[in-house]
Amino acid sequence: MITGIKGMNDILPEEIPAWHFIEARMREVFHAFGFSEIRVPIVEKTELFHRSIGEETDIVEKEMYTFADRNGHSLTLRPEGTASVMRACIEHSLHVKTPVSKLYYVGPMFRYERPQKGRYRQFHQIGAEFIGEASPMADAQLLHMLTCYFRALGIPDVSLQINSLGCRQCRPAYRAALVEFITGHLDALCDDCRRRSTGNPLRVLDCKVEGCRSVCQDAPSVLDYLCPECAAHFDEVRHLLTALNIPFEVNNRMVRGLDYYCRTTFEMVTNRLGAQSAVAAGGRYDGLIASLGGPELPGIGFAIGMERLSLMMGTENIPAPHPDLFLVALGPMAREQAFLMLADFQRRGLYAEMDFSGKSMKAQMRQADHLKARLTLIMGDDELAENRVQLRHMDSGEQESLPIDGLDALLEERLAQKKD
RNA sequence: GUGAGUGUAGCUCAGAUGGCAGAGCACUGGAUUGUGGCUCCAGGUGUCGAGGGUUCGAUCCCCUUCACUCACCCCA
């Protein structure tokens, strides 16, 4: 048997209604905020991710699906969406046509990690990018959209955490202060954190080991090192979130795994996903576009893990398609008659089903039940000789005998009744 | 990359000190019921994850391997 690839899952028909629900709410909410969809390729030049995500990050160092194409060019299956969207904006000079771009995307991303609950090698993200607007109102609006989306999905138990990482002006001073603090407490930290202390000291703040956590209680806070501009920006974001009635917590130990973030960063976290706590995350990335060779444009965006969403969602409010009508045919003549009626219903957009293989009455009724058909039309050769069929209402069990002449109108009447 | 757990029917899982491989669900046919749901009868499937070893004999014990799951790590 040829099996699928580790960490790359089939999404089976029974799971599809949930995915459609997630995507439908996404479009409704995002369109209301003026966001347009953009579709970008799944494969990009490897260099794009090195320059945007950062050479020192785990994603670039050990998680990318990178390969050479037939010409020897190094290509990579995208590990995230922002880089491609920025590349597309620069390549098509979107900022010339409209100074502000509000874009969203959906699709598969690829990272070579050990799979576990809520973490897969091919996973799907919904992302939104608000490009060309430096105002804190952009931050607040984007977070408003995110919370509206979670409300539309009916997902409980998520909380919004925000932080500011400062900018190129203020971050070096903070980093220096943090490194100094960490070197003073090296013996209390775990092995990983000792290693991080030189390469990526901010990650120590994110460590889950108990010893490191307690050390970090007393670590200097980024927020104390923000330059006046960054501090004012963060103050305004908090003010606007409060004015919008969006609950949030400031978490000054939250860091990001991608290098391009600055100023505002945020996560939607939950305790319902096992070891994975982040359902959505993002932040501001002023300077990213310029560093990719584009104009000096600010931007802010987020990404949502769709598998994580669907793990968190109950199935209660997700509509699944059920047939309006199931045709039960007893005997070969009836079967052909039913087949033609079926075709007629389908042509008119009604979802109707029947069995082609000549199963017993019992099996056909069981099938109708299983599919949760609303109405069942029972036709035997005898009844057809009298030009009549029987209609059964599956929920009430009521049954009535109907003439074949004018059946369409009668059925539509019954279906309309049921919808009330 | 590291650690732990699990692999038996389409699905959920039993099983024994090492002695012919089991149940429920699902599926199919039939009986009964007013023509499905309830009840009853009947029916079929397994390389017991794979390879090797010990043994008269291994699904069970040992070794190797693969897959899945969870956790570390990392992240959405």
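Order of the sequence lines fixes the chain letters, A, B, ..., with proteins taken first and strands second; residue numbering starts at 1 for each chain.
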S.K.: Does a side-chain N or O from A:R366 land closer than 4.0 Å to OP1 or OP2 of B:U28, or not?
M.R.: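 Answer yes for this pair, as a side-chain N or O of A:R366 is under 4.0 Å from OP1 or OP2.
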S.K.: For B:C73 and B:U17, measure between their P atoms and round to the nearest Å.
M.R.: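 B:C73 and B:U17 have their P atoms separated by 41 Å.
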S.K.: For B:U17, which nucleotide is its Watson-Crick or G-U wobble mate, given both distances must be under 3.5 Å?
M.R.: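 Base-paired to nothing in any strand shown.
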S.K.: Measure CG/A:L391 against C1'/B:G36 and give the value in whole Å, please.
M.R.: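 Spelled out: CG on A:L391 to C1' on B:G36 is 14 Å.
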S.K.: At less than 4.0 Å, is any side-chain N or O atom of A:Q390 found next to OP1 or OP2 of B:U35? Yes or no.
M.R.: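 False: A:Q390 side-chain N/O out of range (4.0 Å or more) of B:U35 OP1/OP2.
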S.K.: Quick check, are the ring centers of A:Y104 and A:F30 under 6.0 angstrom apart?
M.R.: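 Yes, ring centres under 6.0 Å apart.
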S.K.: How far, in whole Å, is B:C56 from B:G44 if one measures between their C1' atoms?
M.R.: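 Here B:G44 and B:C56 have their C1' atoms 33 Å from each other.
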S.K.: On RNA chain B, nearest-nucleotide positions of A:Y120 versus A:N9: which is more 5'?
M.R.: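 It is A:N9 whose nearest nucleotide is closer to the 5' end.
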S.K.: Using whole Å, what does the distance between atom C1' of nucleotide B:C11 and atom CD of A:E14 come to?
M.R.: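 Those two atoms, CD and C1', are 11 Å apart.
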S.K.: Looking at the base of B:U2, is there any donor atom on it, or on the side chain of A:R114, that sits under 3.5 Å from an acceptor on the other one?
M.R.: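 Looking at the base of B:U2, it does pair with a donor or acceptor on the side chain of A:R114 (distance under 3.5 Å).
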S.K.: Which is more 5' along RNA chain B, the nucleotide nearest A:S360 or the one nearest A:Y261? Just name the residue.
M.R.: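 Checking each residue's closest nucleotide, the 5'-ward one belongs to A:S360.
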S.K.: With both distances kept under 3.5 Å, what pairs with B:U33, Watson-Crick or G-U wobble?
M.R.: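 Answer to the pairing question: none, since B:U33 forms no Watson-Crick or G-U pair.
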S.K.: Sticking with atom C1', work out how far B:U55 lies from B:G18, rounded to a whole angstrom.
M.R.: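 Here B:U55 and B:G18 have their C1' atoms 9 Å from each other.
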S.K.: For A:E80, report the nucleic acid contact type (base, sugar-phosphate, nothing); a contact means any heavy atom under 4.0 Å.
M.R.: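 Answer is nothing: A:E80 stays at 4.0 Å or more from every strand.
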S.K.: Of all the nucleotides listed (B:U28, B:A76, B:A71), which has the minimum atom distance to the side chain of A:Q125?
M.R.: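 Among B:U28, B:A76, B:A71, the one nearest the side chain of A:Q125 is B:A76.
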S.K.: Quick one: list whatever passes side-chain hydrogen bond (donor to acceptor under 3.5 Å, both in side chains) with A:H20, sequence neighbours left out.
M.R.: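 If we apply the side-chain hydrogen bond (donor to acceptor under 3.5 Å, both in side chains) test to A:H20, skipping adjacent residues, there are no hits.
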S.K.: Have a look at A:G282 and say if it touches a base, only the backbone sugar-phosphate, or nothing, with a 4.0 Å heavy-atom cut-off.
M.R.: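 Result for A:G282 = nothing.
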S.K.: For the P atoms, the ones on B:G1 and on B:C60, what distance do you get once it is rounded to whole angstrom?
M.R.: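 Going atom to atom, P in each nucleotide, I get 29 Å.
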S.K.: Tell me: CD of A:E307 to C1' of B:U69, nearest whole Å?
M.R.: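 For the pair A:E307 CD and B:U69 C1', the rounded distance is 17 Å.
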S.K.: B:A58 pairs with which nucleotide, Watson-Crick or G-U wobble, both distances below 3.5 Å?
M.R.: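 Base partner found: none.
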S.K.: Starting at CD1 of A:I59 and ending at C1' of B:C73, how long is that distance when rounded to a whole Å?
M.R.: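 Interatomic distance, CD1 of A:I59 to C1' of B:C73: 13 Å.
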S.K.: With rounding to whole Å, what would you report as the distance between B:A26 and B:C63 at their P atoms?
M.R.: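 Their P atoms lie roughly 41 Å apart.
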S.K.: Test A:T264 against A:S164 for side chain to side chain donor-acceptor pair (under 3.5 Å), laying out the working first.
M.R.: CA-CA 4 Å; A:T264 314; A:S164 176; 5.6 Å; no
S.K.: Taking the C1' atom in each of B:A21 and B:A9, what is the distance between them to the nearest angstrom?
M.R.: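 Straight-line distance between the two C1' atoms is 10 Å.
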S.K.: Could you tell me the Watson-Crick or G-U partner of B:A50, where both distances fall under 3.5 Å? Say none if there is no partner.
M.R.: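 Checking every strand shown, B:A50 finds its partner in B:U64, with both distances under 3.5 Å.
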S.K.: Step through it carefully: locate the ring centre of A:H322, locate the ring centre of A:Y351, and say whether they are under 6.0 Å apart.
M.R.: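 No, the ring centres sit 6.0 Å or more apart.
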S.K.: Counting only Watson-Crick pairs (N1-N3 plus N6-O4 or O6-N4) and G-U wobbles (N1-O2, O6-N3), all under 3.5 Å, who is the partner of B:A4?
M.R.: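 B:A4 is paired with B:U69.
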S.K.: For a quick check, tell me whether the side chain of A:K362 and the base of B:G30 share a donor-acceptor pair closer than 3.5 Å.
M.R.: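 Donor-acceptor pair under 3.5 Å: yes.
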S.K.: In whole Å, I'd like the distance from the CE atom of A:M365 to the P atom of B:U32.
M.R.: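 Atom-to-atom, A:M365 to B:U32, this comes out as 19 Å.
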S.K.: Check every strand shown and say whether A:A368 touches a base, only sugar-phosphate, or nothing at a heavy-atom separation below 4.0 Å.
M.R.: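 Contact class for A:A368: none.
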S.K.: Using the side-chain heavy atoms of A:R111, tell me which of these nucleotides is nearest: B:U28, B:C72, B:A76.
M.R.: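 Closest nucleotide to the A:R111 side chain: B:A76.
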S.K.: Give the rounded distance in Å between these two atoms: CE of A:M361 and P of B:G30.
M.R.: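 Rounded to the whole Å, the gap is 13 Å.
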S.K.: Mind checking the C1' distance from B:G46 to B:A23? Whole angstroms is fine.
M.R.: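 Approximately 15 Å lies between the C1' atom of B:G46 and that of B:A23.
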S.K.: Ignoring hydrogens and angles, are the base of B:G37 and the side chain of A:D369 linked by a donor-acceptor pair under 3.5 Å?
M.R.: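 Check fails, no donor-acceptor contact within cut-off.
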S.K.: Which part of the nucleic acid does A:I304 contact within heavy-atom distance under 4.0 Å: base, sugar-phosphate only, or nothing?
M.R.: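 Result for A:I304 = nothing.
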S.K.: Can you tell me how far P in B:U54 sits from the matching atom in B:A58, rounded to whole Å?
M.R.: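 It comes out at 11 Å once rounded to the nearest Å.
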S.K.: Find the distance A:K6:NZ to B:U69:P and express it as a whole number of Å.
M.R.: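 In whole Å, B:U69 P and A:K6 NZ are 8 Å from each other.
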S.K.: Under 4.0 Å from OP1 or OP2 of B:C70: is there any side-chain N or O of A:Q116 that close?
M.R.: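 Checking B:C70 against A:Q116, no side-chain N or O comes under 4.0 Å of OP1 or OP2.
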S.K.: Identify the nucleotide, in any strand shown, that forms a Watson-Crick or G-U wobble pair with B:G44, with both distances under 3.5 Å; if there is none, say none.
M.R.: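 Its partner is none (no Watson-Crick or G-U wobble pair with both distances under 3.5 Å).
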S.K.: Is the closest basic N to carboxylate O distance between A:R39 and A:E37 below 4.0 Å?
M.R.: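 Answer for the salt bridge query: yes.
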S.K.: Does the distance from a Lys or Arg side-chain N to an Asp or Glu carboxylate O, for A:R121 and A:E113, drop under 4.0 Å?
M.R.: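 Salt bridge between A:R121 and A:E113, a charged N being under 4.0 Å from a carboxylate O: no.
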S.K.: Any idea which of B:A76, B:U35, B:C73 is nearest the A:A278 side chain?
M.R.: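 Looking only at side-chain atoms, A:A278 lies closest to B:A76.
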S.K.: Could you tell me whether a side-chain N or O of A:H370 sits under 3.5 Å from a main-chain N or O of A:R366, the two making a donor and an acceptor?
M.R.: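 No: the side chain of A:H370 does not pair with the backbone of A:R366.
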S.K.: Would you say the base of B:C73 and the side-chain of A:R119 have a donor-acceptor pair closer than 3.5 Å?
M.R.: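 Looking at the base of B:C73, it does pair with a donor or acceptor on the side chain of A:R119 (distance under 3.5 Å).
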S.K.: Would you check if the distance from the ring center of A:H185 to the ring center of A:F181 is below 6.0 Å?
M.R.: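 Under 6.0 Å, so yes.
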S.K.: Quick check on B:U28: is either OP1 or OP2 less than 4.0 Å from any side-chain nitrogen or oxygen of A:K359?
M.R.: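 It does, given that an N or O in the side chain of A:K359 lies less than 4.0 Å from OP1 or OP2 of B:U28.
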S.K.: Measure from CD on A:Q367 to P on B:A26 and round the result to the nearest Å.
M.R.: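 It works out to 15 Å between those atoms.
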